[in-house]
2 protein chains.
Amino acid sequence: MIEIKDKQGMSTEEIILETAIDLMEKKGFKAVTTKEIAAQSGFSEMTLFRHFGTKQNILEKAVEVYSYLIDMKTILYDHVEYDLKKDLKRVSETYHKYNQHNYKMVLLSFQERHTHPFIGEKISENPKRLKNYLVDYFEEMQKRGKMIETDAEVQAMNFLWMNLGYFMSFQLGGRKVAQIPLQTFIEDSVDLFVRGLTPCK
Amino acid sequence: MIEIKDKQGMSTEEIILETAIDLMEKKGFKAVTTKEIAAQSGFSEMTLFRHFGTKQNILEKAVEVYSYLIDMKTILYDHVEYDLKKDLKRVSETYHKYNQHNYKMVLLSFQERHTHPFIGEKISENPKRLKNYLVDYFEEMQKRGKMIETDAEVQAMNFLWMNLGYFMSFQLGGRKVAQIPLQTFIEDSVDLFVRGLTPCK
DNA sequence: GTAAGTTGTTAGTTACTACTAACACATTGT
DNA sequence: ACAATGTGTTAGTAGTAACTAACAACTTAC
């Protein structure tokens, strides 16, 4: 499920925006030059300015275009089985699938958290929805007696933080501390939570 | 245990280095100007260059000075009780205490992961040691029959990733998705792991 | 075939950035 | 008293960044 760049079929603006995100995510907005974006996107610098006017506009347009909202709550509730293991696994997979598509924006929002906080405000919307889903789900599981009495919000966040931590350490030039494949991580971490949250029989 | 900045008693170089890290962590190396560092540190730009020669040197000296190694393994083994709850809590607290002192360097290493990877290589040494400790500890606990049979490395990383995730989301302008105090997080997350890793009686 | 739209090129402006040189001033130790 | 040391100031340089203007070339639509 890895996206392969085929500049074929993409409009000039799309190519430029994608190149811009790619570079800014790596170096930061300020450190990337319009010259660089032009060179890597295969257009001249003039074309950039003709389409977007300013460098700042490139960033804003990119954020606008590439940070779509996903209704995680609906997606997940459509397949809910009220089986902790199966459901948590689906949440984890959904989360990482989302990150696979949006990781550049996620990293960019971190990179620019002090200089362009508006990115983070847009980007944090999706995790927020995922959290709301998880909290509701946990509370429902508790009502059904399938989960121990514990703070649903904290445990929902624990699960998301663990997944965020995996993602971040992976990006951080990761594999410096440990190299564990995503599937192994998902399975073992879900098992841990299932044991940790299921009432003892 | 929060460090309070008293520029009193600090040498010129120390003040400049600290100011530089502070700014670079927020904006990135390239985006911070020597003028800015000078202004915020209260010295003239000339003083910066007289002491360090180049901007790059400021970064390198700062990394050298502020990324000391901690022998987490020894520190933790000195207090080990082979009680999962108490020990994990101590690990978590040690980790966050370390981050409290070094978070600027940690964030800077992330900010510059593509442009100055040498920072990350130095910084990742401490988590690596912490991981090694945890893996050894888990394996010992398994030998003692106090922990279920599961991949010690993956579970050690799960624990560290969860803590990294908390730290990161907190920095990310955090409190956007959830606002849970550190103490609550530590206690609830440790409880989760204790339940998840202790054999059922 | 011609007009409209898109892109490249070249030259240039303005502002800023890292960094240097030279001189002045103040503090401190001897 | 004097030298050494650390600092500020002022002026300046060379390079680069974002952005503009004007003209040429190409593609496509009708």
Side-chain angles (χ1 to χ4, degrees), chain A residues 5-65 108 111-112 114-119, chain B residues 5-65 108 111-112 114-119:
Chain A
K5 309 274 149 66
D6 53 340
K7 292 195 178 179
Q8 257 85 20
M10 286 177 71
S11 76
T12 300
E13 302 209 350
E14 282 170 334
I15 296 173
I16 292 172
L17 288 181
E18 215 185 84
T19 311
I21 294 181
D22 189 66
L23 287 169
M24 290 176 185
E25 168 257 308
K26 283 178 186 138
K27 304 182 159 196
F29 175 78
K30 186 79 187 293
V32 171
T33 66
T34 49
K35 206 175 177 177
E36 232 176 328
I37 302 174
Q40 184 157 323
S41 63
F43 292 99
S44 76
E45 227 179 323
M46 264 311 296
T47 302
L48 265 69
F49 289 112
R50 270 197 276 250
H51 278 279
F52 301 100
T54 65
K55 190 182 163 191
Q56 177 75 24
N57 273 351
I58 297 180
L59 172 64
E60 280 169 23
K61 192 77 188 174
V63 172
E64 190 189 311
V65 171
L108 181 58
Q111 203 86 335
E112 303 297 324
H114 285 106
T115 34
H116 299 96
F118 76 97
I119 309 173
Chain B
K5 310 274 148 68
D6 54 341
K7 291 193 179 180
Q8 257 86 20
M10 286 176 72
S11 76
T12 301
E13 301 207 350
E14 283 170 335
I15 296 174
I16 292 172
L17 288 180
E18 213 184 86
T19 311
I21 294 181
D22 188 67
L23 287 168
M24 289 175 184
E25 167 258 308
K26 283 177 187 139
K27 303 181 159 196
F29 174 78
K30 186 78 187 295
V32 172
T33 66
T34 49
K35 204 175 179 178
E36 231 176 329
I37 301 174
Q40 184 157 323
S41 65
F43 292 98
S44 77
E45 227 179 322
M46 265 310 297
T47 302
L48 266 69
F49 288 112
R50 269 196 276 251
H51 278 277
F52 302 100
T54 66
K55 189 182 163 191
Q56 177 76 23
N57 273 351
I58 298 181
L59 172 64
E60 279 168 23
K61 192 78 187 171
V63 172
E64 188 189 311
V65 171
L108 181 59
Q111 203 86 337
E112 303 296 325
H114 286 106
T115 34
H116 299 96
F118 76 97
I119 309 172

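These figures come from a predicted structure and were not determined experimentally. Every chain is numbered from 1 and lettered A, B, ... according to where its sequence line falls, protein lines coming before strand lines.
Atom CD of B:Glu14 and atom C1' of D:dG6 are 16 Å apart (whole Å). In this structure, CD1 of A:Ile37 is placed 12 Å from P of D:dA17, rounded to the nearest angstrom. Atom CG of B:Leu48 and atom P of C:dT17 are 14 Å apart (whole Å). Rounded to an integer number of Å, the gap from B:Leu23 CG to C:dT17 P is 13 Å.
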TODO: Would you check, one step at a time, whether the test side-chain contact (heavy atoms from CB on, under 4.5 Å) holds for A:Leu17 with A:Ile21?
DONE: CA-CA 6 Å; A:Leu17 288 181; A:Ile21 294 181; 5.5 Å; no
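Checked by atom type and distance alone, the side chain of B:Glu112 pairs as donor or acceptor with a backbone atom of B:Phe29 at under 3.5 Å.
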TODO: Starting at the 5' end of nucleotides 18-25 of chain D, put B wherever the base has a protein heavy atom under 4.0 Å, S where only the sugar-phosphate does, and a dash everywhere else.
DONE: SBBB----
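Applying the salt bridge (Lys or Arg N to Asp or Glu O under 4.0 Å) test to A:Lys26 and every residue at least two apart in sequence or in another chain returns A:Asp22. Looking at residues two or more places apart in sequence or on another chain, you find no salt bridge (Lys or Arg N to Asp or Glu O under 4.0 Å) involving B:Lys30.
Proximity of B:Met24 to B:Ile37: side-chain heavy atoms (C-beta onward) are separated by under 4.5 Å at one or more points.
For C:dT7, the OP1/OP2 oxygens have a side-chain nitrogen or oxygen of A:His51 closer than 4.0 Å.
Nucleic acid contact class of A:Thr47 (heavy atoms, under 4.0 Å, all strands): sugar-phosphate only.
Between the CZ atom of B:Phe49 and the CG atom of B:Asn57 there is a distance of 10.5 Å, given to the nearest 0.5 Å.
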